[in-house]
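What follows is a set of notes on a single structure, which appears directly below.
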Amino acid sequence: MPYIKKNCVVPSTFTQRVSTMEFHFDVHKIFLEPVTKLDSSLIPPRRPLISSSEAQKQIMTVIDEIGKASAKAQRLPAPITSASRMQINKHHLYILKDCTPETAGRGVVIGFLKVGYKKLFVLDQKGSHIEAEPLCILDFYIHESLQRHGFGKELFNYMLRNEQVEVQHVAIDRPSEKFLSFLRKHYNLRSTIPQVNNFVVFEGFFRDRKASVKTPPAKRPEGEIKPYSLTKRDFLKEEEGLPWPFSQSQSNLNRASSLGSSPTRTSSRPLPGEGDFMKSLRACRPHSLHRAANSEEDPTQRRRTSAMNFSRGLMAQKNCYSRHISHSPPLLARRPPVGKCNKTF
């Protein structure tokens, strides 16, 4: 329910002293209530008495004109309230009109109040940064000829009731001295909490707030940063050790070194004949076993490739008997004479 009285009493000299708040159209046909609330759509709650397109043009004209009057009164370089700004922001604009019969047909606007929610970092009494999203008073203007007549208080109370917020919980953007005096006189708001931005908050701002107030989380120490779970981290710790192939079992290393091949990732199941093979290793020389255990390459294995090249020659030498044949391995290209070879069958 509106707090503005239906029969507002406006001084008779108002229509003679004000020119910037008068319009060539009748504002009563676009604003049917004493106080009209507008959002980004610029559509009044009650449908205007004229066409929608014409009403939209007149509403935009009213917003632009009262924004210019407010900027002039506050000595601002440019208006902070305009129809274009209202359309791109989620702000609420409360417009108070003169509802006396004397102004019918001429249209007179007394003042306006613009509010909106903003995310702010404010300081409390201890100097700690608090993240909050309070309702902010962004622009407040009552025509100079009607100030100190109670219109400002009526409009402010209507806004508080409609937004369902306490006066100590609002933040004010760059209030003027007149506005601060207005708050001290009507709401007993005197002590402010110093801020590093342009907003002003009063004592009681952090008390019994309905809106969420969050303290920014402190930075975590580096030791608590966990890019993956503890389970995975413990699993990796268990797997730490020598890399493959040095992490193979001793039996795999002995078998691989004795055979002259690299270790393979095989299972630990015994192979057929592995028992006999291990018994034969015990008969080997100690230095060979030591080298196999330490994964050292046996010098005899270095000649394994070259010896394989002469395997056929060695087999021919075994099948032929002659005391004149040299003990060194013959070349493959040089074959023994046929006449000097006595084959035995």
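- With sequence neighbours excluded, the residues satisfying side chain to side chain donor-acceptor pair (under 3.5 Å) with Ser41 are Asp39.
- For the atom pair CG (Leu135) and CD1 (Ile137), the distance works out to 5.5 Å, reported to the nearest 0.5 Å.
- Although no hydrogens or angles enter the test, the distance criterion places a donor-acceptor pair under 3.5 Å between the side chain of His169 and the main chain of Arg207.
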ask   = Between Leu120 and Glu131, does a side-chain contact (heavy atoms from CB on, under 4.5 Å) hold up when you go through it step by step?
value = CA-CA 6 Å; Leu120 303 176; Glu131 182 181 0; over 6 Å; no
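- Pairing each heavy atom of Gly116 with each of His91, the nearest pair is CA-CD2, 4.0 Å.
- Looking only at side-chain heavy atoms (C-beta outward), Lys118 and Phe199 come within less than 4.5 Å of each other.
- Atom-to-atom distance recorded for Met159:CE and Leu93:CG is 12.0 Å, nearest 0.5 angstrom.
- Every residue meeting the side chain to side chain contact (heavy atoms under 4.5 Å, CB included) condition with Ser176, not counting sequence neighbours, appears here in chain and number order: Lys178, Phe179.
- Residues satisfying the salt bridge (Lys or Arg N to Asp or Glu O under 4.0 Å) criterion with Glu163, sequence neighbours excluded, are Lys37.
- Applying the side chain to side chain contact (heavy atoms under 4.5 Å, CB included) criterion to Ser53, with sequence neighbours excluded, gives Ser51.
- Cluster partners of Val196 are Leu123, counting Ile, Leu, Val, Met, Phe, Trp and Tyr whose side-chain heavy atoms approach within less than 4.5 Å, directly or via other members.
- Side chain of Thr61 to main chain of Lys57: a donor-acceptor pair is present (N/O by atom type, distance under 3.5 Å, no hydrogens or angles).
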Distance-only donor-acceptor hits, side chain of residues 78-90, under 3.5 Å, sequence neighbours excluded:
residue : atom : partner : partner atom : Å
Thr81   : OG1  : Lys114  : NZ           : 3.3
Thr81   : OG1  : Asp139  : OD2          : 2.7
Ser82   : OG   : Ser84   : OG           : 3.2
Ser82   : OG   : Arg85   : N            : 3.3
Asn89   : ND2  : Arg85   : O            : 2.8

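- The side chain to side chain contact (heavy atoms under 4.5 Å, CB included) check on Leu49 picks up Lys29, Leu32, with sequence neighbours excluded.
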request  = Take Val109 and Leu96, measure what side-chain contact (heavy atoms from CB on, under 4.5 Å) needs, and give me the verdict at the end.
outcome  = CA-CA 6 Å; Val109 174; Leu96 172 64; over 6 Å; no
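- The two residues Tyr141 and Ala73 have their closest heavy-atom pair at CE1-CB, 3.7 Å.
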request  = Tell me, with the steps shown, if Ile50 and Ile30 meet side-chain contact (heavy atoms from CB on, under 4.5 Å).
outcome  = CA-CA 7 Å; Ile50 56 179; Ile30 57 176; 3.7 Å; yes
Determine all donor-acceptor pairs shorter than 3.5 Å in which one atom belongs to a side chain in residues 183-194; sequence neighbours excluded.
residue : atom : partner : partner atom : Å
Tyr187  : OH   : Asn157  : OD1          : 2.6
Asn188  : OD1  : Arg190  : NE           : 2.9

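- Note that CZ of Phe156 and CG of Leu113 are 6.5 Å apart. Values are rounded to the nearest 0.5 Å.
- Annotation for Asn197 and Phe121: closest pair ND2-O, 3.6 Å, computed over non-hydrogen atoms.
- Nearest approach of Asp26 to Gln58, heavy atoms of both residues: O-OE1, 4.3 Å.
- Atom NZ of Lys68 is separated from atom CG of Leu76 by 14.5 Å, given to the nearest 0.5 angstrom.
- In this structure the side chain of Phe206 reaches within 4.5 angstrom of the side chain of Gln125, judged on heavy atoms.
- At a threshold of 4.5 Å between non-hydrogen side-chain atoms, the residues Met60 and Leu42 count as touching.
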task = Apply side-chain contact (heavy atoms from CB on, under 4.5 Å) to Tyr117 and Cys136, showing your working.
result = CA-CA 6 Å; Tyr117 287 90; Cys136 301; over 6 Å; no
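- Note that CZ of Arg46 and OG1 of Thr36 are 9.0 Å apart. Values are rounded to the nearest 0.5 Å.
- Considering only heavy atoms from C-beta on, Leu155 comes within 4.5 Å of Ile142 through its side chain.
- From Tyr94, atom OH reaches atom CD of Glu33 across 13.5 Å, with rounding to the nearest 0.5 Å.
- The closest side-chain donor-acceptor pair between Ser52 and Gln56, if any, does not fall under 3.5 angstrom.
- Linking ILVMFWY side-chain heavy atoms closer than 4.5 Å, directly or via other members, places Leu138 and Phe202 in two distinct hydrophobic clusters.
- The aromatic ring centroids of Phe112 and Phe140 lie 6.0 Å or more from each other.
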request  = Check the pair Ser70, Gln74 against side-chain hydrogen bond (donor to acceptor under 3.5 Å, both in side chains), reporting the backbone distance first and the verdict last.
outcome  = CA-CA 6 Å; Ser70 175; Gln74 301 179 60; 2.8 Å; yes
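- Judged purely by atom type and a 3.5 angstrom limit, His149 has no side-chain atom pairing as donor or acceptor with the backbone of Phe151.
- Counting heavy atoms from C-beta on, the side chains of Glu65 and Phe23 come closer than 4.5 Å.
- Every side chain to side chain contact (heavy atoms under 4.5 Å, CB included) that Lys119 has, sequence neighbours left out, goes to Glu133.
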